[in-house]
A.B. asks: 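Got a structure for you, questions after.
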Protein chains: 2
Amino acid sequence: MTGQVRTVDGRVAGRRGQETRQKLLDCLREMLSTSPYRDVKVIDVARMAGTSPATFYQYFPDVEGAVLEIAEEMAEDSVGLKELVEGKSWAGKTGFATSEEVVDGFLAFWRKNDAILRVVTLGAAEGDKRFFKIRMKVLNSVVAPLTEAVRNNQGKTDKTVDPAAIAGALVSLLASAAEHQKAFTSWGVKVKDLKPNLALQVYLGVAGKKPPK
Amino acid sequence: MTGQVRTVDGRVAGRRGQETRQKLLDCLREMLSTSPYRDVKVIDVARMAGTSPATFYQYFPDVEGAVLEIAEEMAEDSVGLKELVEGKSWAGKTGFATSEEVVDGFLAFWRKNDAILRVVTLGAAEGDKRFFKIRMKVLNSVVAPLTEAVRNNQGKTDKTVDPAAIAGALVSLLASAAEHQKAFTSWGVKVKDLKPNLALQVYLGVAGKKPPK
DNA sequence: AACTTGTCCTGTCATGCCGTCAGCTTACCG
DNA sequence: CGGTAAGCTGACGGCATGACAGGACAAGTT
């Protein structure tokens with residue numbers, strides 16, 4: 001399927017090698033969530049994994065290369081987010097419940113992977129195609145089905161709105177809110193109130209009208 | 001006012017020193033917009049400025065310290081964004097025009113400072129208080145007056161919406177759209193269509209109803 | 001013009017991380 | 001038990017960091 005795991009110099013990795021490799025990835029993950037990306041050093045990751053820097057370079061070209069690995073794994077996970085939207089009803093109260101579940105699921109996913117997503121977001125913003133692609137995969141798992149939902153609801157009544165633009169904007173908003181939740185609390189929005197408010201925005205965007213009380 | 005400019009070791013900088021300092025900041029700015037943040041090195045900045053690394057360390061503790069300087073300057077600039085919203089009308093067609101101007105002005109500002117804002121965004125997401133504060137200053141210059149606008153329009157008719165949450169969400173969306181404009185084009189949203197769509201969202205959020213055709 | 005003073009810059013150095021390689025150790029297999 | 005490939009690391013040259021002391025420079029003083 002994905003081909004064999006290979007070292008930088010072309011050897012195929014066996015059981016033990018894969019374990020080491022994985023340990024390095026795990027430690028890098030940990031490292032990313034505790035120190036600024038700029039300060040993550042190969043030597044620290046290696047030390048934490050109880051191995052030497054030379055070993056790190058056997059499996060990854062550099063820190064960025066290893067980060068991409070982690071990011072790709074996460075992007076693979078993200079396809080599960082599709083199910084938050086696909087085949088769900090947007091009518092009346094059920095619709096609002098759908099909206100709440102989308103917000104909840106998306107925020108939870110982002111929170112769980114916040115460290116790696118920060119780096120992906122940075123890389124994408126800096127114009128790195130590999131990171132951009134990964135970020136799109138994550139966002140698309142929600143944007144794609146959500147675009148359909150918009151098209152099937154308010155989209156057909158109002159020709160002036162672009163379903164893709166609406167869906168994209170909503171998911172961008174969710175991503176931003178997840179990454180910078182503290183900003184909202186600093187604006188006086190209670191943590192408990194954030195999700196309902198986001199859910200409201202999503203419902204409004206999809207259904208084109210206020211939810212039933 | 002802001003006190004005298006001082007070197008790291010406490011000397012006050014004179015005319016020549018300030019020039020060198022400024023040149024270093026300019027080169028750092030340039031550097032940030034051409035290479036990934038992680039790869040920006042003191043030695044490169046110094047070389048570009050036609051001076052030595054030691055000189056850089058006379059004026060800044062490290063790269064981050066210099067970046068903060070640039071960011072603070074930009075945050076100072078950002079207060080001008082207030083005028084995009086303050087005292088503007090949100091009624092009917094004029095209201096939609098206001099909305100368009102907000103979007104336009106905000107995107108232009110972000111675009112102009114995108115390199116430094118990327119780093120600020122990263123720092124804030126990583127939990128660095130200094131970057132967080134700077135980011136809030138920039139966003140607040142729009143969020144604060146926009147919150148008022150929301151309160152004065154749809155806020156008074158519908159008690160369930162939190163004006164701060166709406167305004168914060170809208171500005172978060174604008175920031176996200178500015179930083180990742182390419183994502184929208186990849187969703188099939190034409191560059192020309194992005195601004196009108198964002199303006200629509202802003203108008204909807206503030207006025208609570210669709211704009212007049 | 002020589003001197004003084006304080007600013008400004010850089011050569012140099014110790015330290016530490018990067019990235020590579022040769023070579024040693026370990027595991028597996030016939 | 002010997003061969004073979006995988007796995008790991010010590011060691012090394014190279015480069016960035018960050019500190020310091022001393023030299024260059026500008027501007028005023030005598």
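Naming convention: chains lettered A, B, ... in sequence-line order (proteins, then strands); numbering from 1 in each chain. Just so you know, these numbers use all the heavy atoms, side chains as well, and skip hydrogens, waters and symmetry mates. Keep in mind that what you see is a predicted model, and the values were worked out from it rather than measured.
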A.B. asks: How many Å lie between CD on B:Gln18 and P on C:dC9, as a whole number?
C.D. replies: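 It is 11 Å, rounded to the nearest whole Å.
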A.B. asks: With a 4.0 Å cutoff (strictly under), does any side-chain N or O of B:Thr55 reach OP1 or OP2 of C:dC8?
C.D. replies: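 No.
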A.B. asks: Quick one: do B:Arg111 and B:Asp114 make a salt bridge, cutoff under 4.0 Å?
C.D. replies: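 No, B:Arg111 and B:Asp114 are not salt-bridged.
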A.B. asks: Let's go through B:Glu148 and B:Arg151 carefully: what are the C-alpha distance in whole Å and the side-chain angles of both, what is the deciding distance for salt bridge (Lys or Arg N to Asp or Glu O under 4.0 Å) to 0.1 Å, and is it a yes or a no?
C.D. replies: CA-CA 5 Å; B:Glu148 278 315 296; B:Arg151 206 193 311 281; 3.3 Å; yes
A.B. asks: Looking at A:Thr7 and A:Arg11, would you say the former's side chain and the latter's main chain have a donor-acceptor pair under 3.5 Å?
C.D. replies: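 Side chain of A:Thr7 to backbone of A:Arg11: a pair is present.
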A.B. asks: Starting from C1' on D:dG7, measure out to NZ on A:Lys23 and report it in whole angstrom.
C.D. replies: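 Atom NZ in A:Lys23 sits about 14 Å away from atom C1' in D:dG7.
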A.B. asks: With a 4.0 Å cutoff (strictly under), does any side-chain N or O of A:Thr7 reach OP1 or OP2 of D:dA6?
C.D. replies: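 Checking A:Thr7 against D:dA6: no side-chain N or O falls below 4.0 Å of OP1 or OP2.
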A.B. asks: Over how many whole Å does the gap from B:Tyr59 atom OH to C:dT7 atom P extend?
C.D. replies: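 Rounded to whole Å, this separation is 11 Å.
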A.B. asks: Measure the distance from CZ on A:Arg16 to C1' on D:dA5 and round it to the nearest whole Å.
C.D. replies: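 Taking atom C1' of D:dA5 as the reference, CZ of A:Arg16 is at 12 Å.
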A.B. asks: State, to the nearest 10°, the angle formed by the axis through the first five base pairs of the helix from C:dA1-D:dT30 to C:dG30-D:dC1 and the axis through its last five.
C.D. replies: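 Rounded to the nearest 10 degrees, the bend comes out at 20°.
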A.B. asks: Take the protein atom CD of B:Glu64 and the nucleotide atom C1' of D:dG18, then report the distance between them rounded to whole Å.
C.D. replies: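 Rounding to the nearest Å, CD of B:Glu64 and C1' of D:dG18 are 16 Å apart.
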A.B. asks: Using a strict threshold of under 4.0 Å (side-chain N to carboxylate O), is an ion pair present between B:Asp26 and B:Lys23?
C.D. replies: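 B:Asp26 and B:Lys23: not salt-bridged.
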A.B. asks: Under 4.0 Å between a Lys/Arg side-chain N and an Asp/Glu carboxylate O for B:Glu19 and B:Arg15?
C.D. replies: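 The answer is yes: the pair qualifies as a salt bridge.
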A.B. asks: Between A:Lys137 and A:Glu72 (salt bridge meaning N to carboxylate O under 4.0 Å), is one present in this structure?
C.D. replies: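 Salt bridge: no.
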A.B. asks: Using atom CZ of B:Arg6 as one end and atom P of C:dG6 as the other, report the distance to the nearest whole Å.
C.D. replies: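 It works out to 15 Å between those atoms.
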A.B. asks: With side chain to side chain contact (heavy atoms under 4.5 Å, CB included) as the test, would you mind laying out the steps for A:Val8 and A:Gln58 before giving the verdict?
C.D. replies: CA-CA 5 Å; A:Val8 167; A:Gln58 261 199 344; 5.9 Å; no
A.B. asks: Going by number, which of residues 66-73 of chain A have a non-hydrogen atom under 4.0 Å from DNA chain D?
C.D. replies: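 Residues of residues 66-73 of chain A under 4.0 Å from DNA chain D: none.
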A.B. asks: From C:dC8, C:dT10, D:dT9, pick the nucleotide closest to the side chain of B:Ser52?
C.D. replies: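 The answer is C:dT10.
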A.B. asks: Nearest whole Å is fine: how far is D:dC8 P from A:Arg21 CZ?
C.D. replies: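 So the two atoms are 12 Å apart, to the nearest Å.
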A.B. asks: Side chains of A:Glu64 and A:Asp128, heavy atoms from C-beta outward: is any pair under 4.5 Å?
C.D. replies: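 A:Glu64 reaches A:Asp128 side chain to side chain.
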A.B. asks: Testing B:Thr147, B:Asn140, B:Asp162 one by one against A:Trp187 for a side chain to side chain donor-acceptor pair (under 3.5 Å), which residue passes?
C.D. replies: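 The residue from B:Thr147, B:Asn140, B:Asp162 that satisfies side chain to side chain donor-acceptor pair (under 3.5 Å) with A:Trp187 turns out to be B:Asn140.
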A.B. asks: If the sugar-phosphate is the primed atoms plus P, OP1 and OP2 and the base is the rest, what is the B/S/- string for nucleotides 12-22 of chain C, using protein heavy atoms under 4.0 Å?
C.D. replies: -----SSBBB-
A.B. asks: Would one find more than 12 heavy atoms of other residues, nucleotides or ligands at under 6.0 Å from atom NZ of A:Lys133?
C.D. replies: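 Check fails, neighbour count at 12 or below.
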A.B. asks: Could you check whether any side-chain heavy atom of B:Met136 comes within less than 4.5 Å of a side-chain heavy atom of B:Phe132, counting everything from C-beta outward?
C.D. replies: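 Heavy-atom side-chain distance check passes, below 4.5 Å.
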A.B. asks: Rounded to whole Å, how long is the line connecting atom CZ of B:Phe60 with atom C1' of D:dA19?
C.D. replies: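 Checked: the CZ to C1' distance equals 18 Å.
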